[in-house]
Amino acid sequence: RLSFANARAAERELGDLEATLAFAVAQARSTARLALMRNQQQLLEAEAELGSDLRGVIDGRRLDRVPLRADLRLPRLRLAQLAALDPQLEKIAGTLDATVAVRGQPAAPRVQSRISLTGARFEQTPVGDLTVDARYDDKGARGRLALLQLKAGGRLDAEYNLALTGKRTINARITGRDLDLGFVHRLTPALKASAGKLSVDLRASGQLQRPQIRGELRLERGLLRPRAFSPLEQIDLQLRLSPRQVELTRLALRLGRGTLDARGAVDLSPDLQPSRFRLRARAEKIVIDAAAAKRLRFSGRVRVEGRQADNKLSARVEVSDGEMLVPQFEAQRELQSVEPLKDVIFVDQEARAARERAERVKAQALALDVRAHADPFFVRGDEVDLELRTSLRAATDEQGRLRLYGDLTIRRGRLKLLGNPFEVREAKIRFSGQPAPDPAVHVLLAREVGGATILVGISGTLGAPELELRSDPL
């Protein structure tokens, strides 16, 4: 028996701990009992009995036919009692009750377990009552799971049956209705809030390594509020799954004051990897957060088609009736960059390991070849009104660097420079695939002043522009 009064570990108060371990060895039987207590409350109780003496266990000659009996119990343990043992448990509340029974022989045990967690809460957000039953033997495993959300009225049920002999197959099903997702934001610091009702009906069958999955999933009245971006509100999502396809039958949401509706599908290869995909979307004044221009709003129809094969992702994006609403431009101070300095290389162990991880990710990255076309596309605001067309291609080279090709042409429009209106007579920007994009520019702006026309010409490249001023007549 081991006892610790006022135990401490890593500056944490553990209280009074006590462990009791008892052995009994006879010619035809060996037994063991273990009990753990904290502050005079039972944490764990276990006992085991083996129908053999200790020498028969050590040499292993009888393990295929020696009878075994073992039981483990967690008697209605309040998780708050364990917060002192692990800081992560401070976020979880509820009452845990668990039993595990082992029968058979050490070489071929039969295991039966039952775990229940009542009144589960995660950071004060109710999760529900959870019950898990499982069985295992040398032929397979099977079990059930039930999650009941009493306050929200939701329920999740799951059952599975694994055959571990022969072809090793699986037969499983998950069903759920009205599951409250209000606790999801507690699982990641990237979210401030979450909500929604989830319903699901999924089945998996066939070989364990390549199961066939069928079913449907629906999210209603969803909410995701990221800390760094605009919230996604009133999310209505419907997915349909089949062995060779995931179909997005409906996606509707609000982003800022705008809306987005989309449908699409992803075709799957036999090993469940994406092979082809397609998406149709309609956006109406959805907010795009950008560092250089705040609260951009995009409207238009978007069509995306692509495929993935041989570690290469190819796609075509078409935008029709596109429009970008831009706010009034404000003078921006040039801020000091907080990015890592390019001419400073850290050589400590952590920095070297980070570079090695980055190189591995780079080596495994997909090669990209994406073509985008928009015609017409309008940019409108208090200081700008442009109609343009664009045809661009973004592709990675053999070193994994992204290169940009194509043209952006302004057909007509007007804009203000220093508060003065100008007409756009000609404007073209051409990307030619440099590793560091520095497109060629050709721009001609005009402004009528009295009886003369002031012309502003910009040529060269975006990084080294050349300015020309003239008037007509001179």
Side-chain angles (χ1 to χ4, degrees), residues 121-128 147-158 174-203 213-242 245-268 274 277-290 294-306 315 317 319 321-325:
R121 302 174 67 88
F122 188 82
E123 291 190 346
Q124 305 305 314
T125 301
V127 176
L147 173 64
L148 182 62
Q149 297 179 322
L150 295 175
K151 185 175 180 180
R155 183 180 179 91
L156 176 70
D157 292 280
I174 300 175
T175 59
R177 68 176 190 277
D178 296 332
L179 292 168
D180 186 0
L181 301 184
F183 67 91
V184 171
H185 69 283
R186 303 289 188 181
L187 306 178
T188 170
L191 292 175
K192 292 192 297 184
S194 62
K197 297 289 187 178
L198 179 68
S199 297
V200 60
D201 187 354
L202 297 176
R203 298 173 182 266
I213 301 176
R214 296 177 173 83
E216 295 183 350
L217 179 148
R218 178 164 185 174
L219 172 64
E220 299 178 283
R221 302 186 300 279
L223 167 68
L224 293 175
R225 194 181 299 277
R227 297 186 181 277
F229 304 102
S230 299
L232 306 179
E233 302 173 307
Q234 298 181 22
I235 304 172
D236 187 355
L237 171 68
Q238 297 179 36
L239 289 176
R240 181 180 296 124
L241 288 78
S242 62
Q245 188 180 81
V246 177
E247 182 182 2
L248 176 64
T249 57
R250 175 174 170 77
L251 172 62
L253 58 84
R254 292 190 64 87
L255 186 59
R257 296 182 180 179
T259 60
L260 176 69
D261 292 275
R263 287 171 173 77
V266 177
D267 296 337
L268 304 176
F277 55 90
R278 50 202 172 274
L279 177 72
R280 306 288 186 273
R282 173 67 183 179
E284 186 67 32
K285 296 181 180 180
I286 64 170
V287 172
I288 299 177
D289 290 307
K294 58 182 180 180
R295 313 304 286 182
L296 301 176
R297 296 182 182 274
F298 169 74
S299 300
R301 292 194 295 267
V302 181
R303 177 180 177 182
V304 182
E305 292 185 353
V317 181
V319 179
D321 300 325
E323 180 185 63
M324 186 73 73
L325 299 180

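Values reported hereafter were calculated over all heavy atoms of this structure, with side chains retained and with hydrogens, waters and symmetry mates removed.
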For this session: For salt bridge (charged side-chain N to carboxylate O under 4.0 Å, His left out), just list the numbers for R278 and E247, CA-CA rounded to whole Å, side-chain angles, deciding distance to a tenth of an Å, and then say yes or no.
Result: CA-CA 10 Å; R278 50 202 172 274; E247 182 182 2; over 6 Å; no
For this session: Applying side chain to side chain contact (heavy atoms under 4.5 Å, CB included), run through R250 and D261 and close with a yes or a no.
Result: CA-CA 7 Å; R250 175 174 170 77; D261 292 275; 4.1 Å; yes
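- If you take OG1 on T249 and CG on L239, they are separated by 7.0 Å, rounding to the nearest 0.5 Å.
- Here the straight-line distance linking atom OG of S299 with atom CZ of R282 works out to 6.5 Å at 0.5 Å rounding.
- In this structure, the side chains of I235 and L224 come closer than 4.5 Å at one or more pairs of heavy atoms.
- Atom CG of residue L217 and atom CG of residue L198 lie 5.0 Å apart, to the nearest 0.5 angstrom.
- The only option from K197, R218, R221 that meets the salt bridge (charged side-chain N to carboxylate O under 4.0 Å, His left out) definition with D236 turns out to be R218.
- In this structure, R257 CZ and E284 CD are separated by 14.0 Å, a value rounded to the nearest 0.5 Å.
- In this structure, E220 and Q238 have side chains that are not in contact, with every pair of non-hydrogen atoms separated by 4.5 Å or more.
- Expressed to the nearest 0.5 Å, how far OG of S242 lies from CD of E216 amounts to 11.0 Å.
- The distance from atom CG of L253 to atom CD of Q234, rounded to the nearest 0.5 Å, is 9.5 Å.
- L248 has its side chain out of reach of R263: every pair of non-hydrogen atoms, C-beta onward, lies at least 4.5 Å apart.
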